[in-house]
Amino acid sequence: MSKEVYKTIYSVIHQIPKGRVATYGQIAKLAGIPQQPRRVGYALRILPEGEKVPWHRVVNAQGKISMRWELGCVDLQRVLLEKEGIVFDNDGRIILKNFLWKADDFTR
DNA sequence: AAACTGACTAATA
DNA sequence: CTATTAGCCAGTT
């Protein structure tokens, strides 16, 4: 049950286009668990090391990097994103206005 | 089994 | 704009 949800979450994250980011809430919604972004975070926490999931494209609703505040991890994610063309402002926040992934882009 | 925790969000002050 | 509160639910203790 829950396991499949995680799998879906990873799947959704895989669908994030390069140069775009998605919020936890958005992923949760796409994964079929609206209003439960915490589970998305949990899914990423237990993220299988062997999996190639672009977790760095996942940010919180404020457009900021969410992590466990371990040494240098935030910077790592930032570098990875900048490499994909994402731009940060002076506060280290992503301009969601320009980079947020619109999953319902094709539906709309 | 009950309480606590958490890679969150949205609403309020 | 930032700070606080409540809601949410699986995993951990």
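The chains referred to below are lettered A, B, ... by the order of the sequence lines, with proteins before strands, and numbering in each begins at 1.
- The side chain to side chain contact (heavy atoms under 4.5 Å, CB included) check on A/Tyr42 picks up A/Tyr6, A/Ile46, with sequence neighbours excluded.
- Put simply, the side chain of A/Asp91 never gets that close to the backbone of A/Arg93: no donor and acceptor are under 3.5 Å apart.
- Atom CD of A/Gln62 and atom P of B/dT9 are 7 Å apart (whole Å).
- The salt bridge (Lys or Arg N to Asp or Glu O under 4.0 Å) check on A/Arg78 picks up A/Glu82, with sequence neighbours excluded.
- Applying the side chain to side chain contact (heavy atoms under 4.5 Å, CB included) criterion to A/Thr8, with sequence neighbours excluded, gives A/Val12, A/Ala31.
- A salt bridge links A/Glu84 with A/Arg57: at least one charged nitrogen is closer than 4.0 Å to a carboxylate oxygen.
- Cluster membership check: A/Ile16 does not share its hydrophobic cluster with A/Val79, using side-chain heavy-atom separations under 4.5 Å among Ile, Leu, Val, Met, Phe, Trp and Tyr.
- Nucleotide B/dG6 holds its P atom 16 Å from the CG atom of A/Asn60, rounded to whole Å.
- Contacts between residues 82-99 of chain A and DNA chain B, counted as heavy-atom distances below 4.0 Å, involve no residue at all.
- For A/Lys64 and C/dC1, the NZ to C1' distance is 13 Å, given to the nearest whole Å.
- Rounded to a whole Å, the CD1 atom of A/Ile13 is 13 Å from the P atom of B/dC8.
- When all heavy atoms of A/Ile9 and A/Ala43 are compared, the closest pair comes out as CD1-CB, 3.7 Å.
- Checked by atom type and distance alone, the side chain of A/Glu51 never pairs as donor or acceptor with a backbone atom of A/Leu47 at under 3.5 Å.
- Checked against side chain to side chain contact (heavy atoms under 4.5 Å, CB included), A/Lys52 has no partners two or more places apart in sequence or in another chain.
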Might you list the N or O atoms of the protein lying below 3.5 Å from N or O atoms in nucleotides 3-5 of chain C, with each pair's distance?
none

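- At least one donor-acceptor pair under 3.5 Å links the side chain of A/Gln77 to the backbone N or O of A/Val58.
- For the pair A/Tyr10 OH and B/dA7 C1', the computed distance is 12 Å after rounding to whole Å.
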Under-3.5 Å N/O pairs linking protein and nucleotides 6-9 of chain C:
residue, atom, partner, partner atom, Å
C/dG7, O6, A/Arg38, NH1, 3.4
C/dC8, O2, A/Arg38, NH1, 3.4
C/dC8, N3, A/Arg38, NH1, 3.1

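- Every residue two or more places apart in sequence or in another chain was checked for a side chain to side chain contact (heavy atoms under 4.5 Å, CB included) with A/Lys83, and none qualifies.
- Smallest separation of non-hydrogen atoms from A/Leu100 and A/Ala22: CD1-CA, 4.0 Å.
- The distance between atom CG of A/Leu47 and atom P of B/dG6, rounded to the nearest whole Å, is 19 Å.
- To the nearest angstrom, P of C/dA10 lies 14 Å from CD of A/Glu4.
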Using atom names, set out every protein N or O paired with an N or O of nucleotides 11-13 of chain C below 3.5 Å, distance rounded to 0.1 Å.
residue, atom, partner, partner atom, Å
C/dG11, OP1, A/Tyr6, OH, 3.4
C/dG11, O4', A/Tyr42, OH, 3.4
C/dG11, O3', A/Tyr42, OH, 2.8

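- Nearest heavy atom pair, residue A/Ile13 against residue A/Trp55, reads CG2-N, 4.4 Å.
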